[in-house]
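Take a look at the structure below.
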Amino acid sequence: MGNQPGTEDAELIISELATNAVRHSASGRFGGRFTVSVHADGDRLWLGVLDQGGPRSPHPLPPQPDEEGGRGLALVAGLAASWGVTGDDMGRIVWAVLDLAPEKAAVR
Ligand SMILES: Nc1ncnc2c1ncn2[C@@H]1O[C@H](COP(=O)(O)OP(=O)(O)OP(=O)(O)O)[C@@H](O)[C@H]1O
Ligand SMILES: [Mg+2]
């Protein structure tokens with residue numbers, strides 16, 4: 001993928017979502033796992049990370065002072081054309097759609 005448009009944003013989003021899966025879901029237990037999916041569809045890239053669920057659920061936090069954290073999902077929301085969460089305590093997918101050609105979009 002190298003320097004394809006959107007690669008850096010895609011890497012950043014996957015990195016944030018995978019880190020969240022390990023930090024905040026049951027995927028972070030010993031032997032836990034998470035699954036990354038990427039689907040290219042024309043000018044759009046669908047990115048998803050499936051975790052192993054747990055009591056907490058993903059929610060973007062309001063802007064935090066300094067280095068307090070709580071920025072991952074806000075960053076994802078800012079980069080993505082759309083994003084969302086599906087699933088429950090048995091497992092959740094946090095997904096984001098990246099628009100690779102935003103200049104071509106009719107309405108921004
Ligand atoms: N996969 C997940 N499963 C359960 N809870 C989640 C998941 N991802 C995020 N969360 C919850 O949503 C909150 C916000 O996530 P976000 O990535 O924005 O911040 P953070 O991970 O706490 O900090 P940062 O990403 O800046 O290091 C988390 O603190 C956590 O409570
Ligand atoms: Mg995070």
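What you see below is based on every heavy atom in this structure, not just the backbone, and it leaves out hydrogens, waters and symmetry mates. Note that ligands are numbered from 1 as they come in the structure, with each ligand's atoms numbered from 1 the same way.
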Which atom pair, heavy atoms only, marks the closest approach of [X] to [Y]?
| X | Y | value |
| --- | --- | --- |
| A21 | V49 | CB-CG1, 4.1 Å |
| A10 | L47 | CA-CD1, 3.9 Å |
| P58 | R92 | CD-CD, 3.6 Å |
| H59 | L73 | N-CD1, 3.5 Å |

Check [X] against ligand 1 and report side chain, backbone, both or neither, counting heavy atoms closer than 4.0 Å.
| X | answer |
| --- | --- |
| L73 | both |
| R23 | side chain |
| S57 | backbone |

How close does the nearest protein non-hydrogen atom get to [atom], and which residue and atom is it?
| atom | answer |
| --- | --- |
| atom 8 (N) of ligand 1 | N20 CB, 3.3 Å |
| atom 3 (N) of ligand 1 | D51 OD2, 3.7 Å |
| atom 10 (N) of ligand 1 | P58 CA, 3.4 Å |

Problem - S25, P55, G70: member with heavy atom nearest to atom 23 (O) of ligand 1 - result: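 Closest candidate by heavy-atom distance is G70.
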
Handout entry: H24, E16, H59: member with heavy atom nearest to atom 13 (C) of ligand 1
Key =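 Heavy atom nearest to atom 13 (C) of ligand 1 belongs to H59.
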
So, [X] side chain and [Y] main chain: donor-acceptor pair closer than 3.5 Å or not?
| X | Y | result |
| --- | --- | --- |
| S82 | V97 | no |
| R23 | N20 | no |
| S37 | G48 | no |

Handout entry: Any N, O or S atom of N20 closer than 2.8 Å to the Mg ion (ligand 2)
Key =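 N20 does place an N, O or S atom closer than 2.8 Å to the Mg ion (ligand 2).
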
Decide whether an N or O pair under 3.5 Å exists between [X] and ligand 1.
| X | value |
| --- | --- |
| V94 | no |
| L61 | no |
| G72 | yes |

Practice task
Give me the ring orientation class for W46 and W95: parallel if the planes are under 30° apart, tilted from 30 to 60°, perpendicular past 60°.
Solution key: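 Because their plane-to-plane angle is under 30°, the rings of W46 and W95 count as parallel.
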
